[in-house]
Amino acid sequence: PYPQMTDPAFEYMVRVKVHEFYHNLNGSEVTGKTPFELWLNEAVTAFMENKYHSWFFGEDYSRLQTVLGLLAPSTGTFALDAGSASLPIEPDGFNDPNDLITGITYVKAAEFVRMIETLMGKEQFCRGLDSYHTRYRHGNATWQQWIAAMEEVSGQEFTGMARAWLKQTGFPIVTVAGEYDREHRRYVMTVSQAVPENGVPWPLPFHAALADEQGNDLAETLVRLDGSEAEIRFDDVEPPAFLSLNRQYSFYGKVRAEVDPVALRLQAVHDRDTVNRFIALYRLAEQEIIRLIDHPRQEPSDEYLDLYFRILRDQDHSRELGGLLLTLFDTVDSPEYAHRYRGLYEARRRIESAVASRYETELRDMYDRHNRGVQLTAPIEIQVPAIKDRQLKNVCLALLSTLDTPEIQGMIRSQFITGHVATERLRAFSLYLHSTAPDRLAVMESAGKEAASHPVSWEAYLAAVGGCSAPDAVALIRRAGKSPAFRINQVNDHRALYGSFAANRKISLQTAEGRDLFGEILRELAPVNQNSVVSLLRAFGAVDQMEEEYHLPLIELLVGVRDHLDPEQFAVVHHTIRRLLIGAPRAVRAYEAIHGPLTGIS
């Protein structure tokens, strides 16, 4: 660690050291037989990396961090996997080797490995790994041989499961319904999943429990679901207060269940499974956000605001989970609202502002309590709780920032100037950019000059500017792009500034000035780095699900970029745009209604 390192970079450092070390065994001593084994090489290694991280930071913290990465809007693995540019874990072919190295490879594939371990049990899984690595040491192996080693040790069948997970894009959405039979003291849970078009059901481990009002488990089970429907019975049980489903995110996918808000509030406080506590909060926030979009004049509910602050001040859980449990996404699962990016963002901001207005004094006190000033170079046993402490401090400051008063602006600027670690200064800088402080442009200028002296600080600075959602965000991004220190031919530079901009779809896709800038970036960057352009293009993965007013301008943007670039010289970009156009038939029809038939996508 060094002074310019952020807390997430520190955690990544912990992860990546063991990741690369494990590759000595998994990837070097045993090497994939073809490029199509690359997913296995990375999946098992990322799985081990996650175990190492959880050893340092705690299993609940580490697992919830992974789940937040799955659910994150725009950049999350689910968002990537649901986009029209997504590829399966093992594609049938590729245009460029980089097609085999994405979030699908490192996250979804690692989740597949974790599901195998869940079904086998940890000890049998270790024996299976040992058998595979011993048998094929100093040689090449296929993923089928890895699966065979697991089958031999466990006596279970995994070949069919592997083919479903490796060859299908997307993820299972499991619907759960239940009914309690008082006469027989039995709870019957019905579980079903939608089967992909021309696909097969996803075999998966399903971990579920029934809990009482205090969060005590009444019954718990882990079953393997192989078909599209199943029935799970819990006999001789009391009626549950709530259901704890897909515990510890036992399978890669989402669960849908009709749940009463009262039960969700109970679960958010008492479920002994940390992931389910977050999912309960996530569902409650989703209900609030949708209501605020539908009724702009209404205010966030008192029940939700009180619950959120109750969890924020729970010191026992904050010591274990830092600020992760309090993550508020401007996203929902409901297809009708999921891609109304501007409306989602504004609704989330209204919730945050309401929390800050209601609890301003308490938030200031909590901010001061968590302002401890531990340096990033402190020993690991001090550093881990300090990182979690800083998360809570920055949650308080972010909430207060929505008030945007001169006094709060002064607090933010003070942290920017005096912050003990890079994360404190960077978070304050980002919040200051979003404020109406009269000197924000001067602060941006001075921060950029200072950051340019170190590549890590510079990359963090560019990412903060690129992800800005202020009214003049596009102007700020253009300003950073014109800086003498910005070099478009450096991957870290353009991915930090333009990657964070692309992911901010309420700006990059849903404003005219954002679309103009996006088109310029794609055309300018293609001759520099086609792989980076492909990454940026993933922002267009859900064009068809957006409001109709955006269909025509976004297809015009894609077609304009495609026609600007030579199809032979920029084949990877052309193929990616083609996949995006094929995946947006409604939007393409809107384009064709104005411009006539669109060629090149049959």
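All residue numbers in this chain count up from 1 along the given sequence.
Distance alone, capped at 3.5 Å, places no donor-acceptor pair between the T45 side chain and the E42 backbone. The closest donor-acceptor contact from the side chain of T31 to the backbone of S28 lies under 3.5 Å. Under a 3.5 Å cut-off, the side chain of S86 and the backbone N or O of A82 do not form any donor-acceptor pair. Between the side chain of D566 and the main chain of Q569, a donor-acceptor pair closer than 3.5 Å is present. A side-chain donor-acceptor contact under 3.5 Å links S250 to the backbone of P205. Panel note: side chain R440, backbone S435; a donor-acceptor pair is recorded below 3.5 Å. Between the side chain of S54 and the main chain of K51, a donor-acceptor pair closer than 3.5 Å is present. Listed for the E459 side chain is no donor-acceptor partner under 3.5 Å among the backbone atoms of V456. Checked by atom type and distance alone, the side chain of D493 never pairs as donor or acceptor with a backbone atom of I488 at under 3.5 Å. Q391 places a side-chain N or O within donor-acceptor distance of the main-chain N or O of G323, the cut-off being under 3.5 Å.
Checked against side-chain contact (heavy atoms from CB on, under 4.5 Å), E346 has the following partners two or more places apart in sequence or in another chain: R342. For Y106, the ring-ring contact (aromatic ring centres under 6.0 Å, His included) criterion is met by no residue, not counting sequence neighbours. When the ring-ring contact (aromatic ring centres under 6.0 Å, His included) test is applied to H339, the partners found at least two apart in sequence or on another chain are Y341. Looking at residues two or more places apart in sequence or on another chain, you find no ring-ring contact (aromatic ring centres under 6.0 Å, His included) involving F10. Contacts of H454 classified as ring-ring contact (aromatic ring centres under 6.0 Å, His included), with partners at least two apart in sequence or in another chain: Y2.
Residues S508 and N504 bring no donor and acceptor atom of their side chains to less than 3.5 Å of each other. Side-chain polar atoms of H574 and E568 form no donor-acceptor pair below 3.5 angstrom.
For residues 572-600, the set of pairs meeting the salt bridge (Lys or Arg N to Asp or Glu O under 4.0 Å) definition, not counting sequence neighbours, comprises E548-R586. Each side chain to side chain donor-acceptor pair (under 3.5 Å) pair with one or both residues in residues 161-171, not counting sequence neighbours, appears once here: E90-K167, D92-K167. Pairs of residues two or more places apart, or lying in two chains, that qualify as ring pair (Phe, Tyr, Trp, His ring centres under 6.0 Å) and include a residue from residues 539-562 are F518-F540. Pairs engaging residues 18-41 under the salt bridge (Lys or Arg N to Asp or Glu O under 4.0 Å) rule: E29-R137 [sequence neighbours left out]. Sorted by first then second residue, the ring pair (Phe, Tyr, Trp, His ring centres under 6.0 Å) pairs that include residues 578-602, not counting sequence neighbours, are Y591-H595. Identified under the salt bridge (Lys or Arg N to Asp or Glu O under 4.0 Å) test for residues 448-457, with sequence neighbours left out: none. For residues 520-532, the set of pairs meeting the salt bridge (Lys or Arg N to Asp or Glu O under 4.0 Å) definition, not counting sequence neighbours, comprises R478-E520.
Counted within 6.0 Å of OH on Y12, heavy atoms from surrounding residues, nucleotides or ligands total 12 or fewer; the atom is thus considered open.
Here CD1 of I601 is found 11.0 Å from CG of L558. Values are rounded to the nearest 0.5 Å. Put simply, CZ on F56 and OH on Y52 are 4.0 Å apart, with the number rounded to the nearest 0.5 Å. In this structure, S334 OG and I290 CD1 are separated by 4.5 Å, a value rounded to the nearest 0.5 Å. Put simply, NZ on K108 and CZ on F171 are 8.5 Å apart, with the number rounded to the nearest 0.5 Å. In this structure, the separation between CE on M444 and SG on C468 is 8.5 Å, given to the nearest 0.5 Å. For the atom pair CZ of F78 and CG of D333, the computed distance is 9.0 Å after rounding to the nearest 0.5 Å.
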Full working for side-chain contact (heavy atoms from CB on, under 4.5 Å) between W458 and N492: CA-CA 9 Å; W458 179 239; N492 286 3; over 6 Å; no
Could you walk me through whether F329 and L68 satisfy the side-chain contact (heavy atoms from CB on, under 4.5 Å) test, starting with their C-alpha distance in whole Å, then the side-chain angles of each, then the deciding distance to 0.1 Å, before giving a yes or no? CA-CA 9 Å; F329 288 134; L68 292 175; 4.0 Å; yes
side-chain contact (heavy atoms from CB on, under 4.5 Å) for R495 and N531? Distances and angles first, verdict last. CA-CA 11 Å; R495 284 190 182 171; N531 187 51; 3.1 Å; yes
Verdict with supporting geometry, L581 and R562, side-chain contact (heavy atoms from CB on, under 4.5 Å): CA-CA 11 Å; L581 294 172; R562 182 197 69 174; 4.2 Å; yes
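Ring-plane geometry between H53 and F57 is classed as parallel, the angle between the planes falling under 30 degrees on a 0 to 90 degree scale with a further cut at 60.
Of all non-hydrogen atoms in L100 and T105, the two that sit nearest each other are O-OG1, 2.8 Å. Taking each heavy atom of L525 and S532 in turn, the nearest pair found is CD2-CB, 4.0 Å. Contact between D81 and G170 at its shortest, heavy atoms only, is OD2-O, 2.8 Å. Of all non-hydrogen atoms in A72 and A79, the two that sit nearest each other are O-CB, 4.2 Å. Between N41 and G27, the closest heavy-atom pair is OD1-CA, 3.3 Å. Closest of all the heavy-atom pairs between T75 and A503 is CG2-CB, 3.5 Å.
Between Q65 and Y61 the shortest side-chain heavy-atom distance falls below 4.5 Å.
When ring centroids are compared, F125 and F47 come within the 6.0 Å threshold.
Between E556 and R515 there is no salt bridge, since no side-chain nitrogen of the basic residue lies less than 4.0 Å from a carboxylate oxygen of the acidic one. Under the 4.0 Å criterion applied to side-chain N and carboxylate O atoms, D7 and R427 are not assigned as salt-bridge partners. Salt bridge status for R15 with E11: absent, with no side-chain N to carboxylate O gap under 4.0 Å.
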